[in-house]
Each structure stands twice: as structure tokens, then as C-alpha cells.
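What follows is a set of notes on a single structure, which appears directly below.
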Amino acid sequence: MTSAFSKLLDNLQTITDAGLYRSRRVIDSPQGINLQIDGRSVVNFCSNDYLGLANHPTVVSAFKAAVDHYGVGSGSAHLICGHSTAHHMLEEELAVFTGRERALLFSTGYMANLGVISALLGRSDTVFEDRLNHASLLDGGLMSGAKFKRYAHADVDNLTVHLKQATGSKLIVTDGVFSMDGDFAPLKTLALAAKDNDAWLMVDDAHGLGVIGNHGGGLLEHDGLTQRDVPILMGTLGKGFGTFGAFIAGSDVLIETLIQKARTYIYTTALPAAVAEATRASLKIVIAENWRRDKLKALADRFRLGAGQLGFQLLASSSAIQPIIIGDSQRAVDISNSLLNAGFLVSAIRPPTVPKGSARLRVTFSALHEEFQVDQLLDTLDKATTRHKA
Ligand SMILES: *Cc1c(COP(=O)(O)O)cnc(C)c1O
């Protein structure tokens with residue numbers, strides 16, 4: 001026992017030496033563009049609450065009213081006695097919102113991805129994953145036991161080579177908006193490759209839904225793709241929607257299959273009904289308030305222009321995720337700490353979350369930011385990076 005733990009201590013030291021040690025900051029305020037950390041107010045540039053709905057008064061009051069009606073806990077899994085009217089209505093509304101036959105709620109996006117891929121594939125099948133897919137998609141593919149093929153990022157030609165050699169059921173899995181880079185998957189070309197090779201296409205649009213598309217329908221709306229093109233759509237509710245949870249949308253037969261077979265659906269407690277009610281309220285705002293998406297676009301454009309002028313290395317992102325590539329992990333952390341001292345919270349993202357040598361500051365915007373805050377961030381970034389020279 002003692003020696004096993006001393007090995008863990010050694011491992012922690014190795015992580016520290018590589019500049020990869022992770023720790024939490026304790027937040028003492030609601031989510032929003034201003035956070036209280038250690039008694040100080042800082043401007044938040046790292047949240048996924050893109051539309052500013054996590055503490056929206058209408059969403060908060062819907063949550064409170066639902067707690068008065070349903071209480072806090074959901075009591076059991078959906079298939080036992082935890083599936084409330086609130087869950088059911090939200091599923092129907094999400095199906096309409098995404099233009100799909102049905103939607104099924106999961107407790108988290110991580111679980112949705114594990115559950116779907118494992119329910120659809122077994123040992124004789126093959127899963128194809130973009131190299132930069134979110135960890136939950138990679139883990140889902142591994143857990144399914146299917147043959148596992150990673151293709152070069154957004155490279156449909158490379159994917160096609162793998163597809164031609166594959167056996168069994170074929171499932172192509174990709175982020176829609178890539179979570180750490182902010183770029184868009186080439187969904188139209190992927191949908192064609194799927195059709196040509198008799199494969200399913202699954203898109204995880206955690207960072208696109210609510211945020212991209214004229215009506216917030218995500219990357220699939222942006223690209224005009226239907227359920228026929230993308231039979232499996234995954235969305236999360238803890239990002240653009242500002243609440244918590246996730247869903248899969250698709251055909252009736254897909255959803256019924258998941259209810260029978262997805263273990264992360266069957267063997268877990270339903271999310272609280274009040275969270276579902278709060279999400280129904282946020283969905284209405286997502287649909288109605290285009291200004292939030294327009295504002296995000298304007299903020300990201302302003303940031304890109306300014307960052308380009310200052311000579312920062314940006315990625316080809318037109319989303320609310322605007323990473324600045326730093327390279328070295330320790331340097332990314334040092335800059336992030338400098339920014340925090342100056343009153344800006346920007347997270348340093350390091351391997352293994354991103355490829356080796358590509359540590360970055362992941363700047364994200366909220367519809368609640370003001371343009372002057374973007375300018376202040378750019379100014380502070382300029383000073384912090386000069387102080388921590390490469
Ligand atoms: C956040 C995220 C998830 C996980 O969703 P949770 O609800 O937070 O578990 C899955 N996929 C992508 C691309 C994500 O960014």
C-alpha cells in the first residue's frame with residue numbers, strides 16, 4: 001500500500017515538473033461575466049455559458065417554481081419513476097428545436113456519448129473518430145469494443161481511406177464546433193462520405209447548439225443538414241443553454257434503441273425535473289433572442305482583429321471559442337496567472353486535453369461581455385505575454 005501511494009506521489013511530481021498540474025479555483029458568485037474569486041471580482045473569459053443564461057432571471061425563476069412543484073431530487077432513473085412531465089415536455093421541445101423525430105435526455109454529455117456509441121456498436125463494428133474529438137467521444141468509442149480508427153483532423157479523404165477498409169456497422173463521430181479549437185467540422189462533406197460508404201454520422205454539437213445558426217440550431221442549421229444527413233445529433237445543456245444535462249436527437253428507432261440499450265441512460269438517476277424546467281425556459285430564450293448570437297459574433301470578430309494586430313497566433317475559428325496558441329505548458333499557465341492578477345480569468349489548456357506542444361489560452365466570449373472588456377483583455381494579454389517571453 002505505502003509503496004503504491006509513493007508511486008502516486010512520484011506521478012504527481014512528474015505532472016508538476018511538466019507544467020501539467022491541474023487545480024481548481026473556488027468561485028463564490030453566480031456564473032456570469034463577473035466572478036468572485038478569493039474575495040476579488042474578475043472578468044470571466046473562460047465559461048461555456050456563451051449566451052449568458054446560467055443566471056438569467058427567467059431561467060432562475062423557472063427553476064425555483066419547478067422546485068416548489070417537483071422538489072429537488074428526481075428519485076430514480078427515467079425507466080423506474082424519475083421521468084417527469086418536465087423531462088417529457090423538454091424532450092418534445094428539443095425534438096422540434098432540432099428538427100428531429102425524437103430527443104432523449106441524458107444526465108450529462110459525457111454519459112450521452114458513452115451510452116450512444118456503446119449502444120450502437122459492438123466488437124464486429126468500426127468507429128471513426130476525428131483526432132481532435134472530445135474525450136467523451138473517444139472514451140465512448142473505446143468502451144464500445146468496436147474497432148477504433150482516428151482520422152486526421154477534419155480530413156475527409158483520410159477518413160474515406162479508413163472507411164473503405166472497414167467491416168461491420170460503421171459510425172463516424174465528430175465534434176461539430178471543436179471544443180478546444182473553435183473551428184467547424186466539415187459536416188457537409190462528412191455527410192456525403194457517410195452516405196457513400198453506408199456509415200452513420202454522429203455529431204456532438206455541444207459548442208454549436210444555441211450559439212451557431214440563425215435560430216440557434218447549431219452547425220447542422222448552419223450547414224442545412226437534416227436527420228437524414230446526420231442521423232445522430234448530440235447536444236449538451238450546460239453550455240449555450242446555461243443549465244445542465246444533455247440529449248440525443250434522431251429517429252424514433254434510434255431513441256427507442258437507446259432507451260432499451262444505453263447503459264448510461266438506464267443505470268443512472270434522472271437529472272432533477274427542475275433542471276429540465278429551467279432548460280425549457282432557456283430554450284425559449286435561445287430561440288427568441290438572436291441578439292445574443294449576433295453579439296457573440298461581433299465580440300469574437302473584434303477580438304480576432306485586435307489579436308491579429310498584436311501578432312498573436314489565432315486558429316481558424318469563427319465561433320465564440322478563440323484560442324491563442326502558446327505552445328509551452330508552463331508558459332501558458334504563467335500567462336494565465338498574470339491575467340488573473342490583472343483581473344481576467346482565462347484558462348490555460350494543456351496536454352492531454354490538446355496535442356503536445358499546443359498549450360493555449362482558451363478565450364471564450366459571452367453575449368453579456370461588452371466591447372470595452374474585449375479591448376481591455378487584449379491590452380492585458382499583450383502585456384502578460386511580453387512579460388513571459390517565449
Ligand atoms: C462539454 C462537452 C461534452 C460533455 O458534456 P457534459 O454535459 O459537460 O458532460 C461532450 N462533448 C463536447 C464536445 C463537450 O464540449
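For ligands, and for the atoms within them, numbers begin at 1 and follow the listed sequence. Side chains are part of it too, since the values below use all heavy atoms of this structure and drop only hydrogens, waters and symmetry mates. Keep in mind it's a predicted model, so treat the numbers as computed, not measured.
Among pairs with a residue in residues 192-215, those fulfilling salt bridge (Lys or Arg N to Asp or Glu O under 4.0 Å) read Lys195-Asp229, at least two apart in sequence or across chains. Every pair passing side chain to side chain donor-acceptor pair (under 3.5 Å) that includes a residue from residues 134-144 is listed here, sequence neighbours excluded: Tyr110-Asp139, Asn113-Ser136, His134-Ser136.
If you check the side chains of Lys383 and Ser338, you find no donor sitting under 3.5 Å from an acceptor. Donor-acceptor pairing under 3.5 Å is lacking for the side chains of His88 and Thr85.
A donor-acceptor pair under 3.5 Å is formed between the side chain of Glu221 and the backbone N or O of Asn214.
Residues passing the side chain to side chain donor-acceptor pair (under 3.5 Å) test with Thr386: none are found, sequence neighbours excluded.
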Could you list each N/O atom of ligand 1 together with any protein N/O atom closer than 3.5 Å, one pair per line with the distance?
from: ligand 1; atom 1: 7 (O); to: Gly109; atom 2: N; distance (Å): 2.7
from: ligand 1; atom 1: 9 (O); to: Gly109; atom 2: N; distance (Å): 3.1
from: ligand 1; atom 1: 9 (O); to: Tyr110; atom 2: N; distance (Å): 2.9
from: ligand 1; atom 1: 11 (N); to: His134; atom 2: ND1; distance (Å): 3.4
from: ligand 1; atom 1: 11 (N); to: Asp204; atom 2: OD2; distance (Å): 2.5
from: ligand 1; atom 1: 15 (O); to: His207; atom 2: NE2; distance (Å): 2.5
from: ligand 1; atom 1: 15 (O); to: Lys239; atom 2: NZ; distance (Å): 2.6

